[in-house]
Visitor: 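Input: one structure, supplied below.
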Amino acid sequence: MRSADVVVIGGSAAGIPAAVTARRHYPDKSILLIRREEKVLIPCGIPYIFGTVGSPEKNLIPDGVLEKNSIDLFVDEAKGLDPAKRVVTTAGGEEVGYDKLVLATGSEPLVPPIPGADLENVFVVKKEVPYLNQMLEVMKGVKDLVIIGGGFIGVEFADECKKGRDINVTVVEMLHHCLALAYDDDLCSQAEAILSEHGIDLMVDTKVEAIEGDGKVTGVRLADGKVLKADAVILGIGCKANTALAEAGGLEIGPTKGIKVDQHMRTSNEHIFACGDCAEKVSAFTGKPSPMKLASIASTEARIAGANLFSVHRENKGIIGVFATAFWNTTFGTAGLTQKEAEKNGFEVAIGSAEGPNRHPGGMPGMSPLKVKLVFNKNDGVLLGGQVAGADSGGELLNAISTFIQRKMTAEDIATFQLGTHPALTNSPIGYQLVNAAEIASMQMR
Ligand SMILES: Cc1cc2nc3c(=O)[nH]c(=O)nc-3n(C[C@H](O)[C@H](O)[C@H](O)COP(=O)(O)OP(=O)(O)OC[C@H]3O[C@@H](n4cnc5c(N)ncnc54)[C@H](O)[C@@H]3O)c2cc1C
């Protein structure tokens with residue numbers, strides 16, 4: 001029987017930082033990471049396999065990080081969990097004892113309950129190298145691709161699958177806009193205009209009724225009876241927490257079907273922690289359960305879990321949700337609440353938007369426009385959310401916005417914060433979008 005002081009199940013965005021953090025905080029402990037796949041994909045890089053990056057093998061997390069941190073690796077699938085004996089059993093018949101266990105078992109793609117979802121050449125987005133290689137092979141012969149789901153995964157696939165292929169791509173989205181859960185309508189419209197401009201057929205407010213075909217997919221039938229021709233379909237409608245092992249061990253499951261955890265990432269068993277897509281989450285704004293799943297959240301939770309294994313050092317204050325996407329050289333980023341989400345949750349809001357070049361003067365080589373929209377709570381002036389669109393520097397600006405949200409900064413704080421600028425790197429101190437957006441919102445709260 002194998003054993004280690006710390007056993008981590010899962011080798012991705014949560015499992016690796018959980019193990020590395022445990023190593024840093026508890027240098028004397030033995031750490032074993034169990035994962036079921038030989039090679040681990042960079043999950044967020046998966047759409048880029050189909051265009052920019054070119055193959056799953058070029059989108060892998062190297063195992064060097066484990067070796068460097070003296071973390072042992074065991075490739076097998078954990079099937080059973082006995083919390084009383086503190087033992088995990090694997091598909092290969094091994095028993096692995098632990099003192100502390102971290103579940104970082106992630107998520108699985110959702111398959112919609114519609115007829116035809118199991119036809120050949122209908123794909124979900126699995127984080128598995130052999131599956132993605134098979135998908136890539138099929139894509140070589142595809143003429144008509146239908147992507148069901150216009151969230152950031154669907155849109156990134158649309159962009160990447162167009163690259164180097166003579167292919168018709170249609171994105172079908174049941175909401176009123178693509179990316180509607182991440183951005184306000186003005187940014188969604190901007191994103192949709194770019195997608196349409198580059199030849200993506202967008203069908204919003206559109207429900208899929210069935211996927212058609214005889215063995216192999218031939219089309220997608222919509223609620224109005226229209227059939228879209230398709231020789232491949234990608235389902236990008238979200239994912240569900242992988243809780244099988246936790247359930248096998250009798251752990252409590254939360255309201256959004258993730259493994260229930262407290263603010264220290266402890267499950268209902270004091271020796272077992274959970275983090276990442278498999279763990280239940282709570283919104284930092286409302287305290288309500290949240291189904292949001294992101295790699296950035298996974299690694300934050302992992303750093304909390306890894307540090308707290310043998311004594312509590314860190315606390316999870318709830319998720320704010322920060323992420324960006326980029327297509328056709330335009331960045332779209334969001335942190336915290338959008339205006340519509342804030343209003344839906346009962347906040348009275350003040351909004352500030354500012355747009356300008358990301359370098360100064362505007363004639364500087366490489367200049368791109370960048371828009372910033374900030375959402376404040378009108379009652380106390382505190383920043384609730386921010387969105388960026390345009391230049392790629394928006395991706396890092398978003399992380400500054402996220403910091404402001406987490407530090408509960410007000411419009412006044414942001415309008416007067418000390419920033420650094422340079423002609424080749426940013427807008428001028430006069431035109432700096434973040435400050436101007438805060439100033440505009442601040443005027444509404446005087
Ligand atoms: C196409 C795509 C693009 C994305 N882009 C972004 C992005 O740009 N930014 C962002 O923040 N998020 C993005 N995400 C979300 C992000 O990928 C997930 O939030 C992240 O992968 C969660 O990490 P995780 O470690 O919790 O779970 P997972 O990545 O799902 O990993 C789970 C791990 O556990 C292992 N495992 C599971 N069960 C067992 C078992 N029983 N035994 C052994 N091993 C097991 C798996 O093999 C895997 O190693 C994207 C997701 C997808 C699908």
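Hydrogens, waters and symmetry mates play no part in the numbers below; they use all other heavy atoms, side chains included. Whatever order the structure lists ligands and atoms in, that order sets their numbers, starting from 1. In this text the structure is predicted, and so the values were computed from the model without any measurement.
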Visitor: When you measure from atom 24 (P) of ligand 1 to each heavy atom in Ala14, Gly151, Gly154, which option holds the nearest one?
Guide: Ala14

Visitor: Considering non-hydrogen atoms only, spot the tightest contact between Met1 and Glu95 and give its length.
Guide: CG-O, 3.3 Å

Visitor: Check whether any heavy atom of Ile297 sits under 4.0 Å from an atom of ligand 1.
Guide: no

Visitor: Enumerate the salt bridge (charged side-chain N to carboxylate O under 4.0 Å, His left out) contacts for residues 142-156, please, sequence neighbours excluded, ordered by first and then second residue.
Guide: Asp144-Lys229

Visitor: Assess whether side chain to side chain donor-acceptor pair (under 3.5 Å) is satisfied between Asn269 and Glu252, documenting all intermediate values.
Guide: CA-CA 9 Å; Asn269 181 289; Glu252 276 182 48; over 6 Å; no

Visitor: Is a side-chain donor-acceptor pair under 3.5 Å present for Asn242 with Thr105?
Guide: no

Visitor: Any idea which protein heavy atom is nearest atom 4 (C) of ligand 1, and the distance to it?
Guide: Cys44 CA, 3.5 Å

Visitor: Please list the nearest protein heavy atom to atom 35 (C) of ligand 1 with its residue and the distance rounded to 0.1 Å.
Guide: Gly10 CA, 3.6 Å

Visitor: Under 3.5 Å, is there a donor-acceptor pair between the Glu192 and His177 side chains?
Guide: yes

Visitor: Find the distance between CG (Leu434) and CD1 (Ile401) and round it off to the nearest 0.5 Å.
Guide: 5.5 Å

Visitor: Check each atom of ligand 1 against the heavy atoms of Ser296 and keep those under 4.0 Å away; list them by number with element.
Guide: 11 (O)

Visitor: Using a 3.5 Å distance criterion without hydrogens, assess whether the side chain of Lys39 forms a donor-acceptor pair with backbone atoms of Val129.
Guide: no

Visitor: Give me the residue, atom name and distance of the protein heavy atom closest to atom 53 (C) of ligand 1.
Guide: Ile153 CD1, 3.7 Å

Visitor: Check each of Leu294, Leu132, Leu103, Asn242 against atom 38 (N) of ligand 1 and report the one with the nearest heavy atom.
Guide: Asn242

Visitor: Mark the output for Leu245 as yes if a heavy-atom distance to ligand 1 is under 4.0 Å, and as no if none is.
Guide: no

Visitor: Using heavy-atom distances, let me know which of Pro47, Gly45, Gly11 sits nearest atom 1 (C) of ligand 1.
Guide: Pro47

Visitor: Classify the ring geometry between Phe332 and Phe327 as parallel (under 30°), tilted (30 to 60°) or perpendicular (over 60°).
Guide: parallel

Visitor: Looking at ligand 1, does any of its N/O atoms fall within less than 3.5 Å of an N/O of Ala104?
Guide: yes

Visitor: What protein heavy atom sits nearest atom 47 (O) of ligand 1, and how far away is it?
Guide: Glu37 OE1, 2.6 Å

Visitor: Which pairs with one or both residues in residues 22-74 pass ring pair (Phe, Tyr, Trp, His ring centres under 6.0 Å), sequence neighbours excluded?
Guide: His25-His313, Tyr26-Phe310, Phe50-Phe157

Visitor: Take Ser107 and Asp277 through the test side chain to side chain donor-acceptor pair (under 3.5 Å) and record every step on the way to the result.
Guide: CA-CA 5 Å; Ser107 58; Asp277 282 6; 2.8 Å; yes

Visitor: Looking only at heavy atoms of Val40, does any of them come nearer than 4.0 Å to an atom of ligand 1?
Guide: no

Visitor: Counting heavy atoms only, name the option from Ala324, Gly321, Ser12, Ala295 that's nearest to atom 12 (N) of ligand 1.
Guide: Ala295

Visitor: Looking only at distances, please establish whether an N/O atom of ligand 1 is found under 3.5 Å from an N/O atom of Arg36.
Guide: yes

Visitor: Nearest protein heavy atom to atom 27 (O) of ligand 1, by residue and atom, and its distance?
Guide: Gly106 CA, 3.0 Å

Visitor: Would you check, one step at a time, whether the test side chain to side chain donor-acceptor pair (under 3.5 Å) holds for Glu247 with Thr243?
Guide: CA-CA 6 Å; Glu247 288 179 68; Thr243 55; 2.6 Å; yes

Visitor: For atom 21 (O) of ligand 1, what is the nearest protein heavy atom, given as residue, atom name and distance?
Guide: Pro43 CG, 3.2 Å

Visitor: Can you check whether Lys127 has an N/O within less than 3.5 Å of an N/O in ligand 1?
Guide: yes

Visitor: Does any N/O atom on Asp277 come nearer than 3.5 Å to any N/O atom on ligand 1?
Guide: yes

Visitor: Specify the protein heavy atom at minimum distance from atom 23 (O) of ligand 1: its residue, its atom name, and the distance to 0.1 Å.
Guide: Ala13 CB, 3.4 Å

Visitor: Can you check which of Leu33, Val8, Ile46, Asp76 brings a heavy atom nearest to atom 43 (C) of ligand 1?
Guide: Asp76

Visitor: Could you find the nearest protein heavy atom to atom 37 (C) of ligand 1 and give me its residue, atom name and distance?
Guide: Thr105 O, 3.2 Å

